[in-house]
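Reading through the structure tokens given below for one structure.
All ligand and atom numbering here is 1-based and tracks the order in the structure. All values derive from a computational prediction rather than experimental measurement.
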Amino acid sequence: MESRKQLDSLFKPDSIAVIGASNTPGKIGHSVVKNLIESKFQGKIYPINPKEDEIQGIKAYPTVADVPGSIDTAVVTVPAKFVLGVTEECGKKGIQSLIIITSGFSEVGNRELEQQIVDMANSYHMRILGPNIVGVLSNSNKMNASFAPFLPLSGKASLVSQSGALLIAMDASTYTRRIGFEKLISIGNMSDVSIGDTVEWLSEDPETTCISLYIEGIKDGRQFMDVSRKATKPIIALKSGVSAHGAAAAASHTGSLAGAAAVYGAAFQQAGVVQASDLDNLFDRALALSLQPALKGDNLLIITNGGGVGVLATDAAERFGIPLKFAPKEVQDELKKHMPDFGSAKNPVDITGMAGTEWYVESFRYALSHPWTDGVVVLYCETAVSNPLEIAQGIKQAMDESGITDKPVCISYVGGERSEEAMRWLVENGIPAYGAPDVAINAMAALREYAEMRSMMAEDGSTDVKVDREKALKIIADARADGRDSLTEIEAKQVFAAYNLPVTTTLLSKTEDEAVKLAKEVGFPVVMKIVSPDILHKSDAGGVKVNIKDEAGVRDAYQTILKNAKAYKAEANIHGIAIQEMAPWGTEVILGSVNDGTFGPTMMFGLGGIFVEVLKDVTFRVAPVTKGQAERMLGEIRGAPILAGVRGEAPRDKKAMAEVVTLYSKMIVDLASEISETDANPVLVYEEGKGVKVVDARVILKKK
Ligand code: COA
């Protein structure tokens with residue numbers, strides 16, 4: 001496809017022009033040419049400079065138009081004010097893409113110039129990486145088209161970074177950490193080529209086995225999710241800047257809880273993207289994901305020669321969500337043959353400090369090949385009676401001889417220089433090795449998370465449900481015609497009902513007599529609430545009365561509510577008083593939605609009342625939410641046991657609740673062009689088989 005070919009020109013070009021190439025050391029245009037030469041780039045290099053005939057020994061040209069033959073891509077290192085002109089020249093030359101290193105565009109508010117450059121490039125079907133980037137580095141192409149000092153240590157993961165400085169720092173640290181990368185791609189302002197575009201390209205790059213991302217903010221969240229879902233290799237993301245997002249003023253409860261960490265976390269999970277918690281974690285996890293297959297089950301066996309590291313690994317397994325189990329008796333019996341009497345064949349399998357290469361290799365060989373085992377972690381403490389490198393080589397040999405390629409192996413060596421050397425050897429030979437047991441377990445957890453998310457995605461199924469969108473839109477249109485940008489509770493419930501959400505019967509009375517009549521229709525006891533677009537917090541205004549048992553109560557409540565509302569806000573426009581079915585008590589939960597700036601309609605589920613107020617025990621998903629995801633939402637809040645039934649209480653109707661989540665998510669996607677935020681709070685969940693009731697509803701419309 002055309003766009004892939006254009007991105008080929010960015011990431012594996014045969015010819016590169018450097019516009020702004022320079023003979024003056026210290027200039028970026030000097031560095032880029034020097035780096036292309038030093039990285040031994042095999043393609044053609046065309047330095048472009050108006051004054052020089054030769055740059056660093058290579059023939060230079062005044063403009064790209066003067067270059068004989070075609071050019072795949074151009075690295076732009078001229079000041080911002082010249083970039084538009086250069087873009088046009090490149091377009092005319094038929095160059096397919098630009099790597100614009102130059103700063104001074106949207107990152108400093110100069111959006112207009114950036115847009116002009118993108119428009120110019122588009123008019124010539126040219127793609128732009130950047131601007132405001134370090135460049136592109138690729139080991140397999142021997143291409144350092146950047147001003148980062150050198151190609152990274154070679155590895156199998158590729159990194160896409162929104163921060164140029166971080167990319168440079170990571171480049172150098174690949175050597176000190178001994179964790180290599182295949183490509184480093186700086187993506188900067190993402191004026192054209194997005195993170196999603198690079199993920200899509202890298203997912204078909206045979207040199208890349210894991211895509212790592214450093215993300216500050218994605219522009220098109222849905223595109224990112226789509227391409228990530230389709231990727232056939234692991235993606236790992238480190239998202240920074242998770243604290244500020246939620247600070248934006250929000251009109252709903254949900255809005256105030258929908259911080260970047262929560263929404264990005266949900267999107268990553270739904271798109272099968274593994275997360276990293278910090279830079280070290282990104283390196284460590286990317287190493288495992290790039291070298292090893294996913295952990296497709298929970299039967300992880302740990303083999304160790306030290307009790308201490310074994311306990312640390314056990315703690316880490318619990319922390320990172322891997323349930324450690326004992327292997328079946330036959331496995332334990334066999335493992336006992338490779339340890340002294342005082343060893344332990346439980347999990348961790350402790351082959352003791354006496355262990356040498358043979359015990360390690362034979363217990364590993366058996367454990368790996370047994371059908372019970374899904375993956376193996378080998379821990380080693382450097383002892384005088386063992387040879388770290390020999391053990392490493394023995395493990396590798398056993399892996400090769402087993403022919404098993406679908407079970408992951410991670411290793412941790414704790415020791416000195418001999419252990420370091422052995423770990424380097426392991427990584428060079430495709431086995432992730434780490435200096436601490438918890439890190440090896442965390443890497444294994446990444447392989448497990450990847451497998452889990454992918455299998456969830458496979459089983460999730462459809463979200464098709466029958467709904468009445470037209471009716472919902474009509475209610476919204478009527479409210480807008482009335483000059484409002486929020487719905488009353490009654491209207492909100494009508495919208496919810498159009499999406500088959502089980503709302504409590506709520507009718508509007510305009511007079512005291514009508515209130516009595518409607519209360520009889522609904523059936524006592526009833527709840528009465530003020531209906532006014534000017535009073536959103538009804539309880540605060542004394543606008544809610546519950547458990548009204550008879551006609552006298554209705555008349556009394558009608559007068560009191562009206563009086564309170566007027567006292568609260570004299571000029572409030574009062575539509576009337578709602579007469580509402582009084583739902584029996586159930587477990588209170590909250591549902592809600594926001595229209596997230598990055599991912600669009602996103603929904604929240606959590607325990608209601610004090611749990612949401614104080615503990616913020618909520619979870620998010622980008623809508624639509626499938627049944628499988630809805631069920632997981634119910635299970636992943638801290639208060640999940642309350643829904644499961646605690647202290648003798650019957651389990652709640654989770655099936656009905658999951659269905660409501662699915663319907664709700666369908667509603668917010670369908671009405672995304674109209675709705676900005678919603679809350680259903682409280683929603684009452686009854687015992688199994690008895691369903692769910694939405695007791696209160698709030699819909700805030702998009703400002704138009
Ligand atoms: N075509 C070709 N070459 C041109 C040109 C044109 N239209 N216009 C100018 N040049 C040449 C200059 O003559 C100069 O070469 P020289 O050294 O032989 O004189 C070279 O291009 C560079 O121009 P100069 O004016 O010296 O700019 P500079 O090197 O000081 O700065 C940038 C240019 C792009 C590096 C700078 O503007 C910039 O954006 N720096 C920030 C880069 C960055 O940090 N990126 C993001 C990292 S996260």
Side-chain angles (χ1 to χ4, degrees), residues 10 16-36 45-67 71 73-93 95 98-111 113-114 116-117 120-121 126 128-137 144-150 152 159-172 184-193 195 198 213-217 240-241:
L10 280 173
I16 305 178
V18 181
I19 303 176
S22 173
N23 276 325
T24 310
K27 286 202 180 184
I28 287 183
H30 180 271
S31 286
V32 174
V33 175
K34 181 165 165 274
N35 285 341
L36 282 169
I45 305 168
Y46 298 112
I48 309 295
N49 183 300
K51 299 170 301 198
E52 306 274 358
D53 297 332
E54 205 178 272
I55 301 266
Q56 298 173 53
I58 306 178
K59 179 172 170 40
Y61 299 87
T63 70
V64 286
D66 302 303
V67 174
I71 305 169
T73 193
V75 183
V76 179
T77 65
V78 293
K81 61 181 181 224
F82 300 128
V83 175
L84 184 60
V86 159
T87 304
E88 186 168 21
E89 285 171 19
C90 291
K92 285 188 176 146
K93 174 71 183 168
I95 294 177
L98 299 180
I99 297 170
I100 305 182
I101 288 181
T102 312
S103 301
F105 298 98
S106 63
E107 81 282 6
V108 290
N110 197 355
R111 284 173 214 286
L113 181 57
E114 186 169 302
Q116 284 170 357
I117 291 164
M120 177 69 77
M126 207 164 38
I128 290 179
L129 189 69
N132 187 33
I133 61 175
V134 170
V136 177
L137 300 93
N144 181 1
S146 82
F147 67 93
F150 32 65
L159 172 80
V160 180
S161 174
Q162 246 179 299
S163 157
L166 191 94
L167 183 130
I168 293 183
M170 282 181 81
D171 181 22
L184 302 181
I185 300 171
S186 171
I187 194 156
N189 296 1
M190 304 186 298
S191 68
D192 174 30
V193 173
I195 294 185
T198 45
L213 308 171
Y214 170 76
I215 297 175
E216 288 174 355
S240 70

Under 4.5 Å between any side-chain heavy atoms of [X] and [Y], yes or no?
X: L10; Y: I185; value: no
X: M170; Y: P152; value: no
X: T77; Y: F147; value: no
X: C90; Y: M126; value: yes

Could you find the nearest protein heavy atom to [atom] and give me its residue, atom name and distance?
atom: atom 17 (O) of ligand 1; answer: S22 OG, 2.7 Å
atom: atom 21 (O) of ligand 1; answer: G20 CA, 3.1 Å
atom: atom 48 (S) of ligand 1; answer: G164 CA, 3.6 Å
atom: atom 7 (N) of ligand 1; answer: V86 CG2, 3.9 Å
atom: atom 46 (C) of ligand 1; answer: N132 OD1, 3.3 Å
atom: atom 14 (C) of ligand 1; answer: K27 NZ, 4.1 Å

Protein heavy-atom contact under 4.0 Å for [atom]?
atom: atom 28 (P) of ligand 1; value: no
atom: atom 5 (C) of ligand 1; value: yes
atom: atom 35 (C) of ligand 1; value: yes

Is ligand 1 under 4.0 Å from a heavy atom in the side chain of [X], in the backbone, in both, or in neither?
X: T77; result: backbone
X: K51; result: side chain
X: I133; result: backbone
X: F147; result: side chain

Within the distance-only criterion (no hydrogens, no angle test), does the side chain of [X] pair as donor or acceptor with the backbone N or O of [Y] below 3.5 angstrom?
X: N23; Y: Q56; result: yes
X: E216; Y: Q162; result: no
X: S146; Y: V136; result: no

If the cut-off is 4.0 Å to any non-hydrogen atom of [X], which atoms of ligand 1 fall inside it?
X: I28; value: 35 (C), 42 (C)
X: S103; value: 38 (C), 39 (O), 41 (C), 42 (C), 43 (C), 44 (O), 45 (N), 46 (C)
X: N49; value: 3 (N), 15 (O), 16 (P), 18 (O)
X: T24; value: 17 (O)

Taking atom 9 (C) of ligand 1 as the point of reference, which of I100, V78, L166, N189 owns the nearest heavy atom?
-> V78
Quick one: which of G85, P79, A21, S146 has a heavy atom closest to atom 25 (O) of ligand 1?
-> P79
Is ligand 1 less than 4.0 angstrom away from at least one heavy atom of P50?
-> yes
Look at ligand 1 and say whether I19 reaches it with a heavy atom at a distance under 4.0 Å.
-> yes
Can you find an N/O atom of [X] closer than 3.5 Å to an N/O atom of ligand 1?
X: T102; result: no
X: I101; result: yes
X: N23; result: no

Between K93 and E89, is the closest basic N to carboxylate O distance under 4.0 Å?
-> no
